[in-house]
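Structure first, commentary second.
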Amino acid sequence: MKNKNSLIRKAHFLGTKIRNLRKRNRLTMEDLSARCVKVNAEYAPSVSYLSMIERGKRVPSEDVLEIIASVFQKNIEWFLDDIPEEDAIVPQKGSGGGLNGMALEPNFLFSKEILQIAIPEMLSQTGTSGRQFAHLLIRAHQEHHQNHFPDLERAAEEVGQKRLPLSLDEIVAITKQMGLQIKWFRKTPLSVLESMGINEQHVVTSFFEPPNQIYINQIMKSQPQRLKYNLAVHIGHAVLHDKDGMRNVLVTGRNEISPLQAPHSRAQTSGMDAQDILYAWRDFECSFFAGALLCPKVPFRQLLDRNGYEINTAKLAGVSESVAMRRMTAVSPYPHWHYFDAFAPGKLKAVYRGNGIPLPWGNMSLVEDPCQNWAVFRMITAPTTGTSAQISILNVGDEPRIYACESIKVEDLTGSSHVLCSGIDLNPAIEAQGKDAIAIAQELKHACFSGGGTSAIPNAMKKDLMSVAKILNINWVERGIDNDARLICPRGSVCPRTPSCYQPCGG
C-alpha cells in the first residue's frame, strides 16, 4: 500500500490527466462520480472532491485512485508517472463518422428563390411526397444537432419536473392541468379515417379535437406505456403549439402516418403541400417532447448508467423499448449513435444516424432483399427472443468502421412484428483511448474476409475493445465482442463477402 506522501510526490499531473480523460470520454463530473459509485460505493469520490482533485487542490487516496483508474481502464501508475498528458481531446460535433454535406457551388443556384421553384419540381419528377421530403429534412436537422434540442428538453422538464418514472396517474393529472379532457372511443370516427387515409393495417390510438378534447382508443387501457406516450404527445401539442386548432391524430401500423397530418395533406402523392413541412416539424417536436417528458435527460441518463444501457431499463422508466432506445441517442454523453425501426421484409420506418452510418436498403421505400447481415434485418425473419448484440464492420467511404448494436423484436398494436436497433460507432471511442481505430478496424475486416464474412474477434483486439466497452459502460457492447463480428454493407451491389450474398451482383 502506497502511503499518502508517496502519492503526493508522484501526483504532479494527476489532476490534469483525470480531467483530460473525463473530457475525452465526454463525461461530466456527475457522470464520473456515478461511475465511481458503481465500482465502489464506499470509497467513491463526490463531485466536489473530484473537482478539487482535477484542480490539484487534493490528492486522492490510493483507494479513490484505484476506483478512478478502474473507470478509465488504466493502471494507477499511468496517473502517477512524470509524463504530462496531452491537451484534452474533446470530439467535435459531426466528427468520427458524421454526415458530410455537399458544396453549394455555384452559390447563386442555391438561393432561396431558386430552391423554392426547383424542389417541388424535383419531388414531382421523382414521385417523392412532400411528407417524405419534410421528414428527410428534419432527420438531417436532427442528425446535424446529434439529437440535442435543449429548448424542447426544458419545455418538457418544466411540465414534468424531471420526475422519473412518471406514473399513468401523474400523466393524466398533467393532461388535466393543461385544460385537456380525455374521452374514450371504440370505433374510429369516419371523418378521422377519411382525413388520414387509414386502411386495415393501421390502428388510430388517439386523436385531439380542438379546442381541448383528447379521444383515446379503448384498447389503450391495457397498454399503459403506450397510453402514457400518447398523452405525452398531446401534452406536447398543447404546450408547444397552444392547441392551435389542428387535429392531431396518432396512428400505429407498419406504414405509420404522421401524427400531425391535416385533412387536406396529400400524404400519399408526390409534390408538396404548403403545410407539409410545418406538420412534419410539429410531429417531430411533439414526439421529442414526449420522450423528454417521460425520460428527462439527467435522471434517465443516470438510470441508463446504473444499468449499463440495457434495453430492459425501459421497464424501470415505465416506457416502451422504442421510447427508451430513442432517448439513449439523446441523453448519452457519447454522441455517435444510430437508431433504426424496421418492418419486414426491408422497410425502415424510423431512422436516426448521429454517427453517419450509411443507410442499408429500405429507407422510405420497400426493398425485398436488404443485407441480412445487419442485425436489424436478420432479426425480422429469425425466430428469436430477447435481444441480440452484434459487432459489425462497414466501410464508410474508404475507411472501415466498427459498429456495435443491440436489437430487439417487438409487436405493435396491429400485431405486426418489427425490430428496434440502437447502435454506436466504436471508432471515436477507440481513438479517445489513444488507439489506432482504423488499423484495428482493418485487422478485424481482414479477419472477417478470411472467415467468409464472419470472424471471432482476435484475443488481443478483444482486450482493447473490452476496455473501450467498460469505459463506455454499455453492457451490450461487451456481449457483442464475445460474439462473432460480421461484415455488412449498405447495398447488395457492393457486398464485401466472398462468396457474395448477392450473386451474381456482388463483388
Nearest heavy-atom approach of Ile67 to Asn40 is CD1-CB, 3.6 Å

Practice problem: Flag the pair Pro296 / Val331 as yes when at least one side-chain heavy-atom distance between them is below 4.5 Å, and no otherwise. | Solution: no

Any Trp281 side-chain heavy atom under 4.5 Å of Leu137 side chain
no

Give the intermediate values and the outcome of side-chain contact (heavy atoms from CB on, under 4.5 Å) for residues Leu152 and Leu240.
CA-CA 9 Å; Leu152 296 176; Leu240 302 174; 3.9 Å; yes

Is the closest side-chain heavy-atom distance between Phe288 and Arg327 below 4.5 Å? yes

Between His237 and Glu285, do the side chains contain a donor N or O and an acceptor N or O under 3.5 Å apart? no

Residue set satisfying side-chain hydrogen bond (donor to acceptor under 3.5 Å, both in side chains) with Glu157, at least two apart, ordered chain then number -> none

(Q) With a 4.0 Å cut-off on N to O distance, would you call Arg139 and Glu143 a salt bridge? (A) yes

- Is the Phe284 to Phe149 ring centre distance short of 6.0 Å? yes

Report yes or no: do Asn312 and Glu321 form a side-chain donor-acceptor pair below 3.5 Å?
no

No-hydrogen, no-angle side-chain donor-acceptor test under 3.5 Å, Asp412 and His418:
no

Determine whether the side chains of Asn147 and Thr329 contain a donor N or O and an acceptor N or O closer than 3.5 Å. yes

Salt-bridge contact Glu310-Arg479 (side-chain N to carboxylate O under 4.0 Å): yes

Exercise. Is NZ or CZ of Arg486 both nearer than 6.0 Å to the six-membered ring centre of Tyr403 and within 45° of the ring axis?
Worked result: no

Query - Full working for side-chain contact (heavy atoms from CB on, under 4.5 Å) between Glu54 and Met29 - result: CA-CA 10 Å; Glu54 289 192 1; Met29 292 273 194; 3.1 Å; yes

Paired with Pro45, the side-chain contact (heavy atoms from CB on, under 4.5 Å) test is passed by just one of Val37, Val64, Asp63, namely Val64

> So Tyr352 and Phe340, side-chain contact (heavy atoms from CB on, under 4.5 Å) or not? Walk me through it.
Replying inline: CA-CA 7 Å; Tyr352 168 72; Phe340 298 135; over 6 Å; no

Applying ring-ring contact (aromatic ring centres under 6.0 Å, His included) to Tyr334 and not counting sequence neighbours gives His336

